[in-house]
Amino acid sequence: MFSSTLDNSRGNSAAAGQVVTPTRFVWPYGGRRVYLSGSFTRWTEHVPMSPIEGCATVFQVICNLTPGYHQYKFFVDGEWRHDEHQPFVTANGGVVNTIFITGPDMVPTGFNSSNMDVDDFSQRAADPSQESTPRMSGGDLEMSRHRISALLSNRTAYELLPESGKVIALDVNLPVKQAFHILYEQGIPLAPLWDFGKGQFVGVLGPLDFILILRELGTHGSNLTEEELETHTIAAWKEGKAHISRQYDGIGRQYPRPLVQVGPYDNLKDVALEILQNKVAAVPVIYSSLQDGSYPQLLHLASLSGILKCICRYFRHSSSSLPILQQPICSIPLGSWVPRIGESSSKPLATLRPNASLGSALTLLVQAQVSSIPVVDDNDSLIDIYSRSDITALAKDKAYAQIHLDDMTVHRALQLGQDASPPYGSLNGQRCQMCLRSDSLGKVMERLANPGVRRLVIVEAGSKRVEGIISLSDVFRFLLGL
């Protein structure tokens, strides 16, 4: 929809991999031709603004702003204007609007968000176009939530088990290098860990482990070398992970964390709550016929997408019983959106350029505790998405031993993963799963219910400009009223 945007090579430049704040500027007072200019364009460029869907008198544009103080003004039908409903000051050039972008630590290291959800990484922003969207009543919302809660409370994890399939578990005495080769070759993002000595499942190995290992390999003075990785076991890695994790995430969690698991007869609401409260991507479904829990059997890895599929299947032919399913996602407090001008954003939306270093991408993933970051071009249009699970592609041909994280670009790292068949998280061969702000909640839920799809990037029709992200956990927090 936008015909132009800021070029990051101009006054609003940012180093590769630096987190900038996509900011929505809105002119809600009509006009035929509306432009935006400001200190971030050095007042030399007029950025065209476009009318938003369904409201021709409201113009908008999204610009990436670096941390600091910015001034701006609107050029409407040949006349300079400012928005009296936003902060403004009198400067040398007259009255101008102002905005302050927080920094320099644009990626907080201690906020409490899911370690698997990029969606919590920005704040929901209201849009003027939503004023014309019919709102459902509080009663309709509570009724919908009650019916979903009742359904999940009466269904068990046993119903998530597929008719056929395999579940892969790894021995804790397996070398770490071999473990990640297995994850890559099997096309899976994580696997439960089995300790023969204890006769029980003791944890999960996933992409974050590999990321931390690669960062440790690249750290000067590291005690872990590439040669040692050949024999370094999963058990030894887990023992040393506590120090590394505290060093990188700054939260000081308890390590090793106890294994989060559920039984086949636990109801689906409790399973969903276990996943959300423990901030994990999936939980093993484990069964033992003995009272002491010995000789456990690994039946399945339960995820939110499997539970969502159950909800969609049940209400697919009776959607009228859930009024919230017809609501467009832009009209409900769901997901993370590019903040609108004038709104503070303590958790800005992170994006990467394709030429950003892989090292900077991994830093964002670890520090921000998110699982994916959109990769955008200079117009902020979606190109791809880099996820934690993409890191296992470096296991192919021992690529991790031949690269330096700060020398490899995100674009190159994504190319290495193109040979995976099929890539985890892809749907019909498409890695980036997208939706529009006008899409209904029901449509979004149907797409998220597909295996491997954990989030949808909200884009603008035509331009594919990134407007926000909705994750599985966002949907369940909304549906369960959390």
Side-chain angles (χ1 to χ4, degrees), residues 1 22 24 53 62 113-114 116-125 127 130 133 189 272 275-276 281-282 303-312 315-316 319 324-339 347 349-352 365 368 370-376 380-390 414 422-480:
M1 180 183 300
R24 186 191 309 277
E53 262 184 90
I62 299 174
S113 71
S114 169
M116 283 300 207
D117 298 317
V118 74
D119 351 358
D120 294 327
F121 200 50
S122 66
Q123 290 185 327
R124 175 74 165 86
D127 190 283
Q130 298 178 18
T133 303
I275 294 174
L276 293 172
S303 65
L304 292 178
S305 63
I307 302 175
L308 188 62
K309 188 173 183 178
C310 178
I311 296 174
C312 292
F315 289 104
R316 184 167 294 147
S319 58
I324 56 174
L325 295 185
Q326 286 76 43
Q327 289 292 308
I329 56 174
C330 65
S331 68
I332 53 182
L334 177 68
S336 303
W337 298 70
V338 171
K347 296 181 289 185
L349 178 66
T351 59
L352 288 168
L365 288 170
V370 297
S371 67
S372 300
I373 301 177
V375 180
V376 299
D380 297 321
S381 297
L382 185 65
I383 300 175
D384 209 322
I385 191 164
Y386 193 82
S387 303
R388 283 186 181 181
S389 55
D390 290 319
L414 287 169
Y424 177 78
S426 70
L427 179 62
N428 298 326
Q430 196 174 31
R431 280 177 43 88
C432 293
Q433 305 304 316
M434 297 170 285
C435 67
L436 303 176
R437 60 170 46 242
S438 57
D439 286 343
S440 68
L441 175 59
K443 182 177 181 180
V444 167
M445 289 169 57
E446 288 281 357
R447 298 201 66 184
L448 284 171
N450 288 289
V453 179
R454 300 201 63 248
R455 69 201 55 79
L456 297 180
V457 182
I458 308 165
V459 299
E460 186 180 47
S463 70
K464 291 175 63 176
R465 293 283 299 272
V466 174
E467 295 192 314
I469 301 177
I470 292 179
S471 73
L472 279 165
S473 60
D474 286 331
V475 170
F476 272 86
R477 289 190 185 102
F478 175 71
L479 295 179
L480 299 177

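Keep in mind it's a predicted model, so treat the numbers as computed, not measured.
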Should [X] and [Y] count as side-chain neighbours, where that means a heavy-atom distance under 4.5 Å?
X: D380; Y: V466; value: no
X: I307; Y: F476; value: yes
X: I385; Y: I373; value: no
X: R455; Y: S387; value: yes

Exam field: side chain S303 to backbone A282, donor-acceptor pair closer than 3.5 Å:
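No.
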
Report task. Would you confirm whether R447, through its side chain, and M434, through its main-chain N or O, come within 3.5 Å as a donor-acceptor pair? Result -> yes

Interatomic spacing from [atom1] in [X] to [atom2] in [Y] - rounded to 0.5 Å:
X: D390; Y: D384; atom1: CG; atom2: CG; result: 7.5 Å
X: L382; Y: K464; atom1: CG; atom2: NZ; result: 5.5 Å
X: S473; Y: L480; atom1: OG; atom2: CG; result: 11.5 Å
X: I470; Y: L456; atom1: CD1; atom2: CG; result: 7.0 Å
X: R454; Y: L304; atom1: CZ; atom2: CG; result: 7.0 Å
X: I458; Y: I329; atom1: CD1; atom2: CD1; result: 4.5 Å

Over all heavy atoms of both residues, which pair between [X] and [Y] is shortest? Give the atoms and the distance, please.
X: E467; Y: I62; answer: CG-CD1, 4.2 Å
X: F478; Y: L441; answer: CE2-CD2, 4.0 Å
X: S305; Y: N450; answer: CB-O, 4.2 Å
X: L365; Y: R388; answer: O-NH2, 3.4 Å
X: D474; Y: I469; answer: OD2-O, 4.0 Å
X: C312; Y: E446; answer: CB-OE2, 3.7 Å

